[in-house]
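See below for the structure under consideration.
Quick caveat, the model's predicted, so the values are computed rather than measured. In what follows, chains carry the letters A, B, and so on, assigned in the order in which the sequence lines appear, proteins first and then strands, with residues in each chain numbered from 1.
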Number of protein chains: 2
Amino acid sequence: MKSKQTTIKDIAREIGVSPSTVSRALNDHPAINSATKVRIKAKAKELKYEPNIVALSLKNRSTKTIGVVVPELIHFFFSSVISGIEEVAYDNGYTVMICQSKESYDKEVKDVMALLAHRVDGLLISQAKEILNNEHYDEIQRRGVPLVFFDRMPSGVKAPSIIIDDASAAKEATQHLIDRGCQSIMHLGNNLEMPISKARVDGYRQALLDSGMQLDEDMIVDCPTSIQNDSYAKVLSLLEGGAKFDGLFASNDLLAIGAIKALKQFGLSIPQDVAVVGFSNWNFCDMVDPPLSSVNQPGTEMGRQAMKRLLRMITEDEENANDVMMLDTALIVRKSSSL
Amino acid sequence: MKSKQTTIKDIAREIGVSPSTVSRALNDHPAINSATKVRIKAKAKELKYEPNIVALSLKNRSTKTIGVVVPELIHFFFSSVISGIEEVAYDNGYTVMICQSKESYDKEVKDVMALLAHRVDGLLISQAKEILNNEHYDEIQRRGVPLVFFDRMPSGVKAPSIIIDDASAAKEATQHLIDRGCQSIMHLGNNLEMPISKARVDGYRQALLDSGMQLDEDMIVDCPTSIQNDSYAKVLSLLEGGAKFDGLFASNDLLAIGAIKALKQFGLSIPQDVAVVGFSNWNFCDMVDPPLSSVNQPGTEMGRQAMKRLLRMITEDEENANDVMMLDTALIVRKSSSL
DNA sequence: TTGTATGCGTTATCAA
DNA sequence: TTGATAACGCATACAA
């Protein structure tokens with residue numbers, strides 16, 4: 001089956017030279033007769049020769065492949081990140097192997113081990129929600145494989161990361177609601193165990209404090225599943241329980257949309273009665289009704305930067321560092337929070 | 001850097017046996033002393049040995065890797081397909097290498113060649129919108145690499161495909177509008193050059209014919225970019241030009257959403273004045289206002305079936321076939337087309 | 001300028 | 001039961 005792939009030997013045999021001569025010709029080695037070089041190249045093209053990357057990888061001890069582990073591919077944000085990663089990777093002669101942890105710790109470990117077995121030259125990871133320990137990250141580093149985290153980084157691992165400033169982005173979003181005149185702002189968190197969720201809560205808190213507003217812990221609601229049904233149910237029951245608020249900052253867009261559904265159903269109008277802001281700026285934000293204000297995360301740029309940082313580690317063979325690059329977010333204001 | 005990866009030789013040296021003995025122990029070869037086997041396995045675990053898949057691939061002439069080329073990862077449908085592919089691949093000991101053609105012919109060719117250079121054991125492809133020729137597909141087959149298409153298949157290539165019945169799905173959607181009482185139905189196509197788009201137009205036509213309705217070619221509008229802005233602009237200008245219709249079937253959800261925006265802006269209400277149905281059942285269909293009726297494409301299942309079909313080709317080493325598996329779609333009726 | 005030998009990590013074959 | 005050898009495809013140090 002696989003026998004139809006042309007090798008360097010096939011060319012050598014046809015032309016009547018040794019395989020090493022062919023190798024030299026194909027790689028434009030200086031020490032080679034230009035006439036034979038031309039003949040060899042012509043024959044290579046004729047036979048549609050393509051170097052066997054597997055053999056090259058073995059020889060060079062480098063696969064020119066990097067491994068990526070994301071929580072979920074269907075999330076618009078993560079697919080954007082991947083586009084950025086691929087862009088830079090391809091430009092530098094690397095290919096990308098993508099795995100989805102599906103937010104599971106076990107899957108993440110399995111993915112990492114598989115990527116390691118494939119001898120990827122580096123790893124780009126965004127941590128799953130389910131966090132048990134950091135042993136697999138340690139193992140990556142023990143093997144001397146470069147590692148960079150993006151968006152969701154663990155604590156206690158000495159590796160570079162590219163993230164956004166979740167706290168300040170959340171603060172900006174909350175401040176926007178305050179500026180708009182909101183007196184009582186609810187926050188819908190997603191899985192408050194996660195570092196990035198905590199950071200967003202902190203930002204929310206800080207904005208309230210800075211404006212001298214009351215901080216009511218009951219106004220911070222966790223929706224662990226991140227599905228809009230979750231926030232829909234929670235918000236509806238809160239409203240039915242008599243909760244009053246005129247602003248809502250959700251730590252992701254799906255939660256915001258679930259909440260909007262509940263608010264509408266309860267007879268409230270948006271943004272007049274309640275102004276709403278989401279997080280991530282998913283592609284559907286301007287399709288929903290009303291269009292949803294949201295914090296834009298620069299996914300593609302994050303992917304580019306993460307890949308660039310990884311390349312530096314690979315090529316410069318540098319010591320483990322743990323620098324953190326924070327990318328700018330931008331609050332995109334739409335009708336859900338402005339008239 | 002890469003030197004920290006344990007090899008079979010390291011274990012051999014530490015234990016004082018030959019590499020072949022280690023290999024046998026690790027692979028549970030029958031001809032081996034069980035005592036040394038235990039010692040070797042213990043040492044392997046201690047040293048966190050992991051077989052070098054690159055070396056194995058070279059030896060076995062099989063990478064246990066399959067290549068996937070999709071038009072765009074950010075499309076909900078394609079990410080679903082990939083989940084299905086990965087699921088079956090992993091269960092069978094394969095890993096997956098994903099490329100995005102970004103709808104470009106050149107990129108698709110580059111991706112295919114890169115995957116081929118990586119010596120993937122098989123290829124799963126969904127064709128880009130931009131179609132120039134089939135040479136790269138021929139090259140795949142010339143090399144004896146198994147190939148299966150999914151969703152978007154080319155014509156004239158002898159390879160199996162897993163698709164949906166676009167014509168009958170489109171017919172069902174159109175019929176639904178007719179049943180609902182629509183007298184004049186517009187169709188928004190996406191890039192009518194594409195086979196699947198043509199099939200959807202055919203289905204639309206067939207439904208009208210079967211119901212004895214008038215077929216007005218002006219009611220078939222191409223929106224090549226598939227972006228909602230495109231359909232928004234087109235529909236708005238049609239309305240302003242005096243076009244009348246009370247039903248709209250769009251060949252993808254984005255187009256439907258753009259159209260809805262135009263309709264609303266023109267003061268029409270949905271579904272009272274115009275009933276709308278989309279295609280693909282993106283995750284945002286129940287988030288928009290009104291929730292969008294749409295044809296559900298079984299993405300994950302398509303991925304599973306495509307991967308299964310490919311596995312059969314790989315393991316059974318069968319002749320090139322060109323069987324087509326059609327997966328069932330289901331029209332999901334929401335408020336945009338029902339009261 | 002070209003050919004030969006060697007090794008990357010692994011396993012199958014043959015010999016011991 | 002174990003070890004030595006060769007081979008997968010390629011690049012390179014060395015010899016010619």
- Message: Just the rounded figure in Å: distance from P of C/dA12 to CG of B/D28.
- Response: 13 Å
- Message: For a quick test of reading the model, state the closest non-hydrogen atom pair linking A/G67 to A/L115 and the distance between them.
- Response: CA-CG, 3.8 Å
- With nearest nucleotides of DNA chain D determined for B/N33 and B/K59 from heavy-atom distances, which residue corresponds to the more 5′ nucleotide? B/N33
- Query: For the residue pair A/Y105 and A/H136, is the inter-centroid distance of their aromatic rings smaller than 6.0 Å?
  - Reply: yes
- Message: Nearest to the side chain of A/S20, heavy atoms from C-beta on, is which of D/dT12, D/dA4, C/dG9?
- Response: D/dT12
- Query: Is the shortest side-chain N/O distance from B/T7 to OP1 or OP2 of C/dC8 below 4.0 Å?
  - Reply: no
- Query: Is there a side-chain polar atom (N or O) of A/S18 under 4.0 Å from OP1 or OP2 of C/dT4?
  - Reply: no
- Message: Using whole Å, what does the distance between atom P of nucleotide D/dG9 and atom NZ of A/K9 come to?
- Response: 6 Å
- Task: Specify the separation, in whole Å, of atom CG of B/L56 and atom P of D/dC8.
- Result: 16 Å
- Message: In whole Å, I'd like the distance from the CZ atom of B/R119 to the C1' atom of D/dC10.
- Response: 11 Å
- Note on the structure: When rounded to whole Å, the CD1 to C1' distance for the pair B/I8 and D/dT2 reads 14 Å
- Query: Between B/R24 and B/N60, who's closer to the 5' end of DNA chain D by nearest nucleotide?
  - Reply: B/R24
- Item | Short side-chain N/O contact from B/T21 to OP1 or OP2 of D/dG3, under 4.0 Å | yes
- Task: Quick one: label B/S57 by what it contacts on the DNA or RNA (base, sugar-phosphate, nothing), any heavy atom closer than 4.0 Å.
- Result: nothing
- Query: Between A/Y137 and A/F149, does the ring centroid distance fall short of 6.0 Å?
  - Reply: yes
- Taking atom NZ of B/K110 as the centre, does the number of heavy atoms from other residues, nucleotides or ligands within less than 6.0 Å exceed 12? no
- Message: Using whole Å, what does the distance between atom P of nucleotide D/dT2 and atom NZ of B/K37 come to?
- Response: 11 Å
- Message: Just to be sure I understand the rule, does A/P51 reach a base, reach only the sugar-phosphate, or reach nothing, if contact means heavy atoms closer than 4.0 Å?
- Response: sugar-phosphate
- Rounded distance (Å) that lies between atom P of D/dC8 and atom CD of A/Q5: 15 Å
- Note on the structure: The answer to which of B/L58 and B/H29 contacts DNA chain C further toward the 5' end, by nearest nucleotide, is B/L58
- Message: For D/dA11 and A/N27 - does any side-chain N or O of the residue sit under 4.0 Å from the phosphate oxygens OP1/OP2?
- Response: yes
- Rounded to whole Å, the CD1-C1' distance (B/I53 to C/dG9) equals 12 Å
- Looking only at side-chain atoms of B/Y49, point me to the closest of D/dG9, C/dT10, D/dC8. C/dT10
- Query: Base, sugar-phosphate, or nothing: which does B/V17 touch, judged by heavy atoms less than 4.0 Å apart?
  - Reply: sugar-phosphate
- Message: Just N and O in the side chain of B/R61: are any of them under 4.0 Å from OP1 or OP2 of D/dG9?
- Response: yes
- Task: Take B/T21 and B/S18 through the side chain to side chain donor-acceptor pair (under 3.5 Å) test and state the conclusion after the steps.
- Result: CA-CA 5 Å; B/T21 303; B/S18 77; 3.2 Å; yes
- Does a side-chain N-to-carboxylate-O contact under 4.0 Å join A/E108 and A/K102? no
- Counting side-chain heavy atoms from CB outward, which of C/dT1, D/dC10, C/dT10 is closest to A/A31? C/dT1
